[in-house]
Student: 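So that we are looking at the same thing, I have put the structure below in structure tokens.
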Amino acid sequence: MSEINASGSADTDFDLVIVGAGFAGLYMLHRARGLGLTARVFEAGGGVGGTWYWNRYPGARCDVESMQYSYQFSDELAQEWQWSERYSPQPEILTYANHVADRFDLRGDIQFDTSVEAAHFDDEAGRWRIETSDGGTWSAQFVVMATGCLSSANMPDFEGLDSYRGETYHTGHWPHEKVDFAGKRVGVIGTGSSAIQSIPIMAEQAAHLTVFQRTPNYMVPAHNAPLDRTYEAEVKADYDALRERARIRPGGIDIEFNLAPALDASEAERRQKYEKKWAHGGFGFMGSYGDLMLDGAANDTAAEFVRGKIRDVVDDPAVADLLSPHNVFGCKRLCVDTNYWQTYNRDNVTLVDVSEDPIERITPSGLCVNGQDYTFDAIVFATGFDAMTGALLKIDIRGAGGRKLSEKWAEGPKTYLGLAIAGFPNMFTVTGPGSPSVLTNMLPSIEQHVNWISDCLDYMRQNGHGQIDSDQQAEDDWVAHVGETASLSLRATCSSWYVGANIPGKPRVFMPYMGGYPVYLEKCQEVVANGYQGFALS
Ligand code: N01
């Protein structure tokens with residue numbers, strides 16, 4: 001077994017192969033270079049940015065506030081970069097990703113338009129053999145899967161899909177060219193975060209927009225605005241303070257969090273609290289009371305408040321009723337909107353409920369529901385992603401002894417800390433299943449993982465180790481702990497992509513870690529402090 005080495009390597013041999021050039025892959029490359037490792041990034045897209053490269057649909061923007069959605073590793077970068085709005089639009093975040101790639105001169109080690117198709121661990125050589133879509137074969141001592149949590153688009157297997165003669169779009173694979181819906185009849189399938197961001201904009205463009213809703217969603221208003229320059233200056237004067245406040249929050253986002261139980265307050269107090277949070281906008285609403293995700297009765301108070309807001313803004317009571325969710329508030333990922341419900345007051349927008357009668361089939365001219373035909377010039381599939389495991393399982397990954405990841409995960413993903421998979425030595429996952437990932441602010445979570453992995457590689461080099469694998473017992477214990485924490489929350493009780501419910505046949509397992517960001521950080525640090533507890537180093 002060779003020790004990790006920083007020497008030069010042949011063209012196809014690297015110390016490290018990184019899959020994906022989103023925020024995780026870019027920073028991993030930067031850190032690998034800092035360690036003197038030879039590294040190659042393979043990226044399926046034609047540019048950097050990952051999520052923000054692919055999700056170009058109208059209205060796409062981040063629903064974590066701009067001053068908190070950026071890298072922390074470079075103070076110069078943090079100081080020089082200026083966001084323009086409270087919530088950054090997709091083109092600006094993509095410009096930021098490109099700026100980072102240029103500023104740190106990363107492009108030279110990224111191979112674009114190249115997907116990784118297979119990664120097999122060679123037991124004898126103690127190295128990974130990687131196959132790419134261009135026919136290339138590569139060898140690496142380590143592999144980092146920076147493949148993203150929401151990067152494998154879900155296109156439902158609708159009967160007749162191929163027969164459709166109009167234009168089709170998926171929000172997660174939006175074309176780079178401008179899409180013009182002017183004068184067109186457009187159908188949208190789905191009402192998740194991507195749909196609710198794009199529907200108000202598409203409604204302004206299209207002749208008529210028909211939205212097919214299977215499950216209504218809860219939203220809170222964004223109240224987006226130009227970024228307050230005074231606030232920006234305050235943050236930049238002491239970025240660390242903001243980050244420290246964020247680090248101790250369950251979601252890793254600096255929001256005011258009231259730990260008091262909702263039912264301890266009077267109805268009037270609760271209303272006042274919810275109104276205040278509503279007026280402020282964004283995810284802060286979740287911090288109204290400490291037990292919203294733990295106690296059904298507490299949750300009902302928030303749910304009913306939001307339903308009241310729908311009734312307030314939607315003119316037609318029947319439409320307001322259809323738009324009103326009756327499941328647990330915040331159980332599916334909360335949406336942050338701008339004029340979503342108001343859009344249904346427009347004459348050119350129709351809402352069709354497909355909860356009881358699903359979309360029967362796609363027809364050459366549109367689609368059919370309950371025997372009724374709808375004709376469209378374009379259909380937009382806002383149907384989400386095969387979340388958290390989809391991008392990994394698309395790759396033929398085989399670990400020690402040729403064991404397939406798809407077999408190991410047949411009953412759901414199993415990882416140690418969402419960072420490593422027992423039996424898959426020298427492979428790391430960034431924000432993998434079993435880590436807080438999608439329940440947190442993704443950028444700091446990505447950075448924390450990349451820092452952990454980089455420090456681990458450095459430790460191995462310092463201590464003459466060539467291989468690392470997580471113990472089966474440590475993994476089993478972590479998987480059990482992830483399951484236990486999930487069972488305490490109302491969030492695990494509904495059919496969401498968090499539990500794989502949106503993909504037919506996917507095992508129902510709550511995938512992200514619900515124990516909270518601070519607890520998770522502590523656990524990761526403890527593992528290191530105890531000499532990489534739960535890992536075997538050789
Ligand atoms: O996907 P989704 P998304 N027939 O899975 C419906 C992040 N994100 O792309 O709920 C009819 O949420 C499906 O219905 P149902 C964020 O984490 C972040 O919108 O399964 N409908 C649902 O309404 C988010 O949660 C930002 O009953 C069908 C919709 O399609 C995650 O990405 C912006 C159907 C899919 O909603 C995914 O969001 C955007 C069928 N056969 C996204 N199949 C930020 O701002 C599916 N649906 C950072």
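Order of appearance sets the numbers: ligands from 1, and atoms from 1 within every ligand.
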Student: Going by atom type alone, with no hydrogens or angles, which donor-acceptor pairs under 3.5 Å involve a side-chain atom of residues 382-390 and a protein atom two or more places apart or on another chain?
Tutor:
{"unit_1": "Thr383", "atom_1": "OG1", "unit_2": "Asn154", "atom_2": "O", "d": "2.7"}
{"unit_1": "Thr383", "atom_1": "OG1", "unit_2": "His170", "atom_2": "NE2", "d": "3.4"}
{"unit_1": "Asp386", "atom_1": "OD1", "unit_2": "Lys506", "atom_2": "NZ", "d": "2.6"}
{"unit_1": "Thr389", "atom_1": "OG1", "unit_2": "Lys506", "atom_2": "NZ", "d": "3.0"}

Student: Test His208 against every option in Asn348, Asp347, Thr350, Asp377 by the side chain to side chain donor-acceptor pair (under 3.5 Å) rule and name the one that passes.
Tutor: Thr350

Student: Drop me the distance from Ile446's CD1 to Phe23's CZ, to the nearest 0.5 angstrom.
Tutor: 7.5 Å

Student: Within 45 degrees of the axis of the six-membered ring of Tyr344 and under 6.0 Å from its centre: does Arg346 put its NZ or CZ there?
Tutor: no

Student: Cation-pi check for Tyr239 against Arg243: NZ or CZ below 6.0 Å from the six-membered ring centre and within 45 degrees of the axis, yes or no?
Tutor: yes

Student: One pair per line, please: each N/O atom of ligand 1 matched with every protein N/O atom under 3.5 Å away, atom names first, then the distance to 0.1 Å.
Tutor:
{"unit_1": "ligand 1", "atom_1": "9 (O)", "unit_2": "Ser194", "atom_2": "OG", "d": "2.6"}
{"unit_1": "ligand 1", "atom_1": "10 (O)", "unit_2": "Thr215", "atom_2": "OG1", "d": "3.4"}
{"unit_1": "ligand 1", "atom_1": "10 (O)", "unit_2": "Lys332", "atom_2": "NZ", "d": "2.6"}
{"unit_1": "ligand 1", "atom_1": "17 (O)", "unit_2": "Arg333", "atom_2": "NE", "d": "3.3"}
{"unit_1": "ligand 1", "atom_1": "19 (O)", "unit_2": "Ser193", "atom_2": "N", "d": "3.0"}
{"unit_1": "ligand 1", "atom_1": "19 (O)", "unit_2": "Ser194", "atom_2": "N", "d": "2.8"}
{"unit_1": "ligand 1", "atom_1": "19 (O)", "unit_2": "Ser194", "atom_2": "OG", "d": "3.3"}
{"unit_1": "ligand 1", "atom_1": "20 (O)", "unit_2": "Arg214", "atom_2": "NH2", "d": "3.0"}
{"unit_1": "ligand 1", "atom_1": "23 (O)", "unit_2": "Thr191", "atom_2": "N", "d": "2.9"}
{"unit_1": "ligand 1", "atom_1": "25 (O)", "unit_2": "Trp497", "atom_2": "NE1", "d": "2.9"}
{"unit_1": "ligand 1", "atom_1": "27 (O)", "unit_2": "Arg214", "atom_2": "NE", "d": "2.9"}
{"unit_1": "ligand 1", "atom_1": "27 (O)", "unit_2": "Thr215", "atom_2": "OG1", "d": "2.4"}
{"unit_1": "ligand 1", "atom_1": "30 (O)", "unit_2": "Ala382", "atom_2": "O", "d": "3.3"}
{"unit_1": "ligand 1", "atom_1": "45 (O)", "unit_2": "Arg61", "atom_2": "O", "d": "2.7"}
{"unit_1": "ligand 1", "atom_1": "45 (O)", "unit_2": "Asp63", "atom_2": "N", "d": "3.3"}
{"unit_1": "ligand 1", "atom_1": "45 (O)", "unit_2": "Asp63", "atom_2": "OD1", "d": "3.4"}
{"unit_1": "ligand 1", "atom_1": "45 (O)", "unit_2": "Asp63", "atom_2": "OD2", "d": "3.2"}
{"unit_1": "ligand 1", "atom_1": "45 (O)", "unit_2": "Gln197", "atom_2": "NE2", "d": "3.3"}

Student: Do the side chains of Arg103 and Glu80 get close enough for a salt bridge, i.e. N-O under 4.0 angstrom?
Tutor: yes

